[in-house]
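In this text the structure is predicted, and so the values were computed from the model without any measurement.
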Amino acid sequence: MTGLELSRLYYQQVGRPMLEEKFGEYLPRIAAGLVGEGSECFGFDDAISRDHDFGPGFCIWLNKEDYKKIGVQMQMAYDELPKEFMGYSARSTSLRGGGRVGVFEISAFYARFVGNQQPPENLLTWLYLPEHKIATAVNGEVFEDNLGTFTIIRNFLSNYYPKDVRIKKIAARASAMAQSGQYNYARCMRRGDAVAADMALAEFVKASISMIYLLNKSYCPYYKWQFHGLKKLKEEKGYSFACSGALTMIEKLVKLGDQSDAWAQPYPDGFNPYVNRLDKKVVLIENICALVINELRLQGLTDIDNSFLEVHTYKIMDKISAPDLRECHVTEG
């Protein structure tokens, strides 16, 4: 049983009966579910992740007025619920895992993830919000929301970035992929600086994964779940381009060993220091970028015939209508 399934059953069989008995008059204004931090909220929990911050529990969300009236009493009633359920022991809580379940005021709950503007009021606010925080605010499941206030904010955020913000972020990721993977990885290898090369490679992988989420209009989660999340996204929604190929290439890229031999002098005839295809990592980097460029064309974000992603960033930026975003540096966002 997943953590989300456990939470839903715990609410239906234990939590809701308590609310009906003790807070029946407020039930038409109560929202309940499991949303927020924790692998179970994303549906990513497994035997390894369940050693902490896992067990029976759910969230109750109240508007500000109701929270002032009954928030403390409702939290006390929540704390008195049975700690064990269906053979699962009491929810374990790590040092930093507290406050994930229980009773919350709606605006305070969202403020933890997206700030006090709920939803964000302008494009620059959208641009600089940490993406994994937005992903956290819209994950999980709402079991019921009789008043609808919690779901209104959730749905607005779930509708994804405003168009211009998404395009700006795509331009930034294209620039990062080009600079870290297509440019700096090779330069570091030519210098014999394996540490810097690995750091450039890590930046490329990070930017590439983020780009795939952006191209598929899905928020990128916390870093340790990003790659796993793409696999789940493919299973649930499919992809707008051959992303399964990109995922396979990214995994191969990470698992490949040191490629220093491909950069050993004397260089062979026809050696290209900028696209050294003797280096298997370079080949994978170029192939991943080619997939991205093809998708950018399909989505109408570029029409340039060039294999270097940096060249495409100017065309992508031209697609932005909002002046304040067009004026931002290409790497911002």
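- Partners of Phe143 according to the ring pair (Phe, Tyr, Trp, His ring centres under 6.0 Å) rule, which considers only residues two or more places apart in sequence or in another chain, are Tyr11.
- Residues Val282 and Val254 are members of one and the same hydrophobic cluster, defined by side-chain heavy-atom contacts under 4.5 angstrom among Ile, Leu, Val, Met, Phe, Trp and Tyr.
- With hydrogens and angles disregarded, no donor-acceptor distance shorter than 3.5 Å links the side chain of Asn216 to the backbone of Ser218.
- No donor-acceptor pair under 3.5 Å is formed between the side chain of Asp193 and the backbone N or O of Met189.
- In this structure, the separation between NE2 on His312 and CG on Leu301 is 11.5 Å, given to the nearest 0.5 Å.
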Evaluate the criterion side chain to side chain donor-acceptor pair (under 3.5 Å) for residue pair Thr125 and Asn122; output intermediate values, then yes/no.
CA-CA 5 Å; Thr125 301; Asn122 59 71; 2.9 Å; yes
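- Across all non-hydrogen atoms, the minimal contact from Ile320 to Ile167 is CG1-CG2, 3.6 Å.
- In this structure, Val35 and Arg154 approach most closely via the heavy-atom pair CG2-NH1, 3.4 Å.
- Applying the ring pair (Phe, Tyr, Trp, His ring centres under 6.0 Å) test to Phe85 and every residue at least two apart in sequence or in another chain returns Tyr10.
- Between atom CG of residue Leu62 and atom OG of residue Ser107 there is a gap of 11.0 Å, rounded to the nearest 0.5 Å.
- Leu147 has its side chain out of reach of Pro28: every pair of non-hydrogen atoms, C-beta onward, lies at least 4.5 Å apart.
- Side-chain atoms of Asn146 never come within 3.5 Å of backbone atoms of Arg29 as a donor-acceptor pair (strictly under, hydrogens ignored).
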Could you walk me through whether Ser7 and Glu5 satisfy the side chain to side chain donor-acceptor pair (under 3.5 Å) test, starting with their C-alpha distance in whole Å, then the side-chain angles of each, then the deciding distance to 0.1 Å, before giving a yes or no?
CA-CA 5 Å; Ser7 175; Glu5 291 169 338; over 6 Å; no
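- Residues Leu201 and Tyr223 do not share a hydrophobic cluster, defined by chaining ILVMFWY side chains whose heavy atoms lie under 4.5 Å apart.
- Residues Val142 and Asp145 have side chains in contact (heavy-atom distance under 4.5 Å, counting atoms from C-beta outward).
- Taking every heavy atom of both residues into account, Met317 and Leu325 meet most closely at CE-O, 4.0 Å.
- A donor-acceptor distance shorter than 3.5 angstrom exists from the side chain of Asn184 to the backbone of Gln179, with no hydrogens or angles considered.
- In this structure Glu65 satisfies the side chain to side chain donor-acceptor pair (under 3.5 Å) test together with Lys69, sequence neighbours excluded.
- In this structure, the side chains of Pro268 and Leu278 come closer than 4.5 Å at one or more pairs of heavy atoms.
- Arg297 places a side-chain N or O within 3.5 Å of a backbone atom of Ile304 that can act as its donor or acceptor partner.
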What do the steps show when you test Asp258 against Ser260 for side chain to side chain donor-acceptor pair (under 3.5 Å), and what is the final call?
CA-CA 6 Å; Asp258 179 60; Ser260 296; 2.7 Å; yes
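- Between the Gln259 side chain and the Ala262 main chain, no donor and acceptor come within less than 3.5 Å of each other.
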Check the pair Glu80 / Lys22 against side chain to side chain contact (heavy atoms under 4.5 Å, CB included), numbers first and verdict last.
CA-CA 12 Å; Glu80 292 174 356; Lys22 297 183 177 182; 3.7 Å; yes
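- Taking both residues in full, the closest heavy atoms of Gly333 and Ala172 are given as C-CB, 4.4 Å, listed atom of the first, atom of the second, then distance.
- Linking Ile, Leu, Val, Met, Phe, Trp and Tyr residues whenever their side-chain heavy atoms come within less than 4.5 Å places Leu81 and Val101 in a single cluster.
- Below 30°, between 30° and 60°, or above 60°: for Phe44 and Trp225 the angle between ring planes is between 30° and 60°, a tilted geometry.
- In terms of modelled atom types and a separation under 3.5 Å, the side chain of Gln226 and the main chain of Pro221 share a donor-acceptor contact.
- Residue pairs that meet the side-chain hydrogen bond (donor to acceptor under 3.5 Å, both in side chains) test with at least one member in residues 163-174, sequence neighbours left out, are Arg166-Gln299, Arg173-Ser210.
- By the 4.5 Å heavy-atom criterion applied to side chains, His132 and Cys220 are not counted as neighbours.
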Determine, stepwise, if the pair Met177 / Val292 fulfils side chain to side chain contact (heavy atoms under 4.5 Å, CB included).
CA-CA 10 Å; Met177 289 175 69; Val292 168; 3.9 Å; yes
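- Taking the ring pair (Phe, Tyr, Trp, His ring centres under 6.0 Å) definition, one finds that Tyr67 meets it with nothing, sequence neighbours left out.
- Note on residues 172-219: pairs passing ring pair (Phe, Tyr, Trp, His ring centres under 6.0 Å), not counting sequence neighbours, are Tyr160-Tyr219, Tyr161-Tyr219.
- The distance between the ring centers of Trp61 and Phe109 falls below 6.0 angstrom.
- Under the 3.5 Å distance criterion, the side-chain polar atoms of Lys217 are left unmatched by any main-chain donor or acceptor of Leu215.
- Taking CD from Glu25 and CD1 from Ile30, the interatomic distance works out to 10.0 Å, rounded to the nearest 0.5 Å.
- Asp318 contributes atom CG, which lies 9.5 Å from atom OG1 of Thr302 (distance to the nearest 0.5 angstrom).
- Taking every heavy atom of both residues into account, Leu124 and Cys328 meet most closely at CD2-SG, 4.0 Å.
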Step-by-step side chain to side chain donor-acceptor pair (under 3.5 Å) determination, Asn63 to Thr149:
CA-CA 8 Å; Asn63 64 30; Thr149 305; 5.7 Å; no
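- The shortest distance between side-chain heavy atoms of Val114 and Lys133 does not fall below 4.5 Å.
- Sorted by first then second residue, the salt bridge (charged side-chain N to carboxylate O under 4.0 Å, His left out) pairs that include residues 181-192, not counting sequence neighbours, number zero.
- At least one side-chain heavy atom of Gln118 sits under 4.5 Å from a side-chain heavy atom of Ile153.
- Take Glu141 and apply the side chain to side chain donor-acceptor pair (under 3.5 Å) test, not counting sequence neighbours, and it matches Arg8.
- Contact annotation: the side chain of Ile209 approaches that of Val205 to within less than 4.5 Å [non-hydrogen atoms, C-beta and beyond].
- Partners of Glu20 by salt bridge (charged side-chain N to carboxylate O under 4.0 Å, His left out), not counting sequence neighbours, listed by chain and number: Arg16.
- Considering only residues two or more places apart in sequence or on other chains, Thr331 meets the side chain to side chain donor-acceptor pair (under 3.5 Å) condition with His329.
- Across every non-hydrogen atom of Ile288 and Ser208, the tightest pair is CG2-OG, 4.1 Å.
- Between the Gln182 side chain and the Leu309 main chain, a donor and an acceptor come within less than 3.5 Å of each other.
- With sequence neighbours left out, Tyr110 forms a ring pair (Phe, Tyr, Trp, His ring centres under 6.0 Å) with Phe150.
- Between the CE atom in Met211 and the CG atom in Leu214 there is a gap of 7.0 Å [rounded to 0.5 Å].
- Side-chain contact between Phe227 and Ile250: present, with at least one pair of heavy atoms (C-beta onward) separated by less than 4.5 Å.
- Side chain of Ser175 to main chain of Ala171: no donor-acceptor pair is present (N/O by atom type, distance under 3.5 Å, no hydrogens or angles).
- Residue pairs meeting the salt bridge (charged side-chain N to carboxylate O under 4.0 Å, His left out) criterion with at least one member in residues 274-290, sequence neighbours excluded, do not occur.
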